[in-house]
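What follows is a set of notes on a single structure, which appears directly below.
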Amino acid sequence: MAEYAQGQYGDLIYGSGSVSPSSEEKPRKNQYYRDLEKYLPEFISRYREMDGVLKAQGYEIGNIWHSLDDYFSQSFVGSATWGLSRWEKVLGITVNEQMSPDSRRQQIKSRLIAASGCTPERIRTLAVSVTGTEAIIMEDSEQYAFTVYFIGKYGVPNNIRILKDAVERIKPAHLRCQYKYRYVIWNELEGKAWEELRSFTWDALRVNQQLPFVSWGGLEKAGFTCKSIKKYTWNSIRNVEEAKA
């Protein structure tokens, strides 16, 4: 009982000890009120004393129901928030609370999908799940390689770094993996005037959209350090989705 009273019940079951629901997720006293009067006959609920009791209990029961719903949602990757650290711990993923919740969810999903084995269809499913972009897999048996072609959107898709790490973990060591992206070609720009394209940078024009840029603050937030970023080229740094603003 002492342990229960020292922290939130969900922390003890799902959390890592250092992670707890944010202040926005903690229920406010009046936010989840449950009207209990509708469960009682009118001749009972109309008494002033009973009205006070029902209102006081309505606040508490409302908060309890909200907490139960919140704890239940932590059992599913798609709805987990403060319980993500529990998933990461179980799957052996280094917890990085600087990453966005969506990126952490995709990382967890990639690890779960990867546990099912490695086939071309499994790689395709993994690519689509992690990046949200349709892809096809082309095998090259003679060269001991395969290529992931992203056909669902222009440019480098979201969470590509998470996908590459996941593929490296599950693919056979003797196979080489390549990634190909779709870009705008000159034929697709026929009929466009320079004035229409003035607001686009060259990189933005290649993917047919206005692009956010990677910032130093964004790299720090995504978990990069001066040491870890040395292995990246400038072009690959510009494609770090989590660091764009």
Side-chain angles (χ1 to χ4, degrees), residues 14 16 19 74-141 143-183 207 212 214 218-225 227-233 235-244:
Y14 301 105
S16 63
V19 179
Q74 307 310 312
S75 301
F76 304 93
V77 178
S79 57
T81 52
W82 51 268
L84 289 173
S85 59
R86 176 62 176 171
W87 284 95
E88 291 165 332
K89 183 178 180 181
V90 170
L91 295 171
I93 300 173
T94 301
V95 178
N96 180 3
E97 295 177 19
Q98 298 300 317
M99 293 177 64
S100 67
D102 284 341
S103 295
R104 293 174 68 185
R105 290 188 187 99
Q106 295 302 336
Q107 198 170 36
I108 292 169
K109 288 179 181 179
S110 71
R111 189 65 65 90
L112 292 172
I113 294 174
S116 302
C118 182
T119 64
E121 179 58 25
R122 186 69 63 188
I123 295 292
R124 190 196 71 80
T125 300
L126 179 63
V128 174
S129 174
V130 172
T131 66
T133 302
E134 187 58 46
I136 58 175
I137 308 299
M138 300 295 293
E139 297 181 86
D140 187 351
S141 301
Q143 298 298 321
Y144 298 99
F146 63 93
T147 302
V148 181
Y149 285 93
F150 291 100
I151 60 175
K153 62 177 288 187
Y154 291 112
V156 179
N158 298 338
N159 300 316
I160 189 66
R161 185 161 61 95
I162 294 175
L163 174 64
K164 288 182 177 181
D165 290 343
V167 171
E168 285 299 318
R169 283 195 303 270
I170 66 172
K171 74 175 182 64
H174 68 287
L175 292 182
R176 180 169 51 91
C177 179
Q178 304 178 83
Y179 299 87
K180 298 288 185 180
Y181 313 110
R182 180 186 177 194
Y183 291 101
V207 296
V214 170
L219 288 170
E220 182 181 10
K221 185 177 180 181
F224 284 93
T225 63
K227 183 176 180 181
S228 66
I229 210 169
K230 285 182 179 179
K231 62 182 180 180
Y232 291 86
T233 65
N235 283 334
S236 63
I237 290 175
R238 292 191 303 171
N239 292 328
V240 178
E241 192 67 30
E242 298 92 334
K244 292 180 179 179

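No hydrogens, no waters, no symmetry mates; every other heavy atom, side chains included, goes into these values.
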Hey, could you give me the [atom1]/[atom2] distance between [X] and [Y], rounded to the nearest 0.5 Å?
X: Ile229; Y: Ile237; atom1: CD1; atom2: CD1; value: 4.0 Å
X: Lys164; Y: Cys177; atom1: NZ; atom2: SG; value: 8.5 Å
X: Ile93; Y: Leu84; atom1: CD1; atom2: CG; value: 10.0 Å
X: Asn159; Y: Arg161; atom1: CG; atom2: CZ; value: 9.5 Å
X: Leu91; Y: Lys89; atom1: CG; atom2: NZ; value: 12.5 Å
X: Arg124; Y: Glu121; atom1: CZ; atom2: CD; value: 4.5 Å

Determine whether [X] and [Y] make a side-chain contact, defined as any pair of heavy atoms from C-beta on separated by less than 4.5 Å.
X: Phe146; Y: Pro120; value: no
X: Gln107; Y: Thr94; value: no
X: Arg122; Y: Leu126; value: no
X: Ile160; Y: Val130; value: no
X: Ile162; Y: Ser103; value: yes
X: Gln74; Y: Trp82; value: yes
X: Val148; Y: Ile123; value: yes
X: Pro101; Y: Thr81; value: no

Checklist entry - Between Val128 and Thr133, does a side-chain contact (heavy atoms from CB on, under 4.5 Å) hold up when you go through it step by step? => result CA-CA 5 Å; Val128 174; Thr133 302; over 6 Å; no
Next on the checklist: Looking at Lys153 and Glu134, is any side-chain nitrogen of the basic one under 4.0 Å from a carboxylate oxygen of the acidic one?
Outcome noted: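 Between Lys153 and Glu134 there is no salt bridge, as every charged N stays at least 4.0 Å from the carboxylate O atoms.
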Could you pull out the closest heavy-atom pair between [X] and [Y], with the gap in Å?
X: Arg104; Y: Ser85; answer: NH2-N, 3.6 Å
X: Ile151; Y: Arg182; answer: O-NH1, 3.6 Å
X: Tyr181; Y: Gly155; answer: CB-O, 3.7 Å

Can you check whether [Y]'s main-chain N or O pairs, donor with acceptor, with [X]'s side chain at less than 3.5 Å?
X: Arg105; Y: Val77; result: yes
X: Lys171; Y: Leu175; result: yes
X: Ser236; Y: Tyr232; result: no

Checklist entry - Between Leu163 and Thr131, does a side-chain contact (heavy atoms from CB on, under 4.5 Å) hold up when you go through it step by step? => result CA-CA 7 Å; Leu163 174 64; Thr131 66; 4.0 Å; yes
Checklist entry - What class does the angle between the rings of His174 and Tyr144 fall in, given that below 30° is parallel, 30 to 60° is tilted and above 60° is perpendicular? => result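 It falls in the perpendicular class, over 60°.
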Checklist entry - Going through the checks in order, is the ring pair (Phe, Tyr, Trp, His ring centres under 6.0 Å) test met by Tyr149 and Tyr179? => result CA-CA 6 Å; Tyr149 285 93; Tyr179 299 87; over 10 Å; no
Next on the checklist: Working note: Ile108 + Glu88, criterion side-chain contact (heavy atoms from CB on, under 4.5 Å); need CA distance, chi angles, decisive distance, verdict.
Outcome noted: CA-CA 7 Å; Ile108 292 169; Glu88 291 165 332; 3.9 Å; yes
Next on the checklist: Test side-chain contact (heavy atoms from CB on, under 4.5 Å) on Tyr183 and Val156; report intermediate values, then the result.
Outcome noted: CA-CA 9 Å; Tyr183 291 101; Val156 179; 3.9 Å; yes
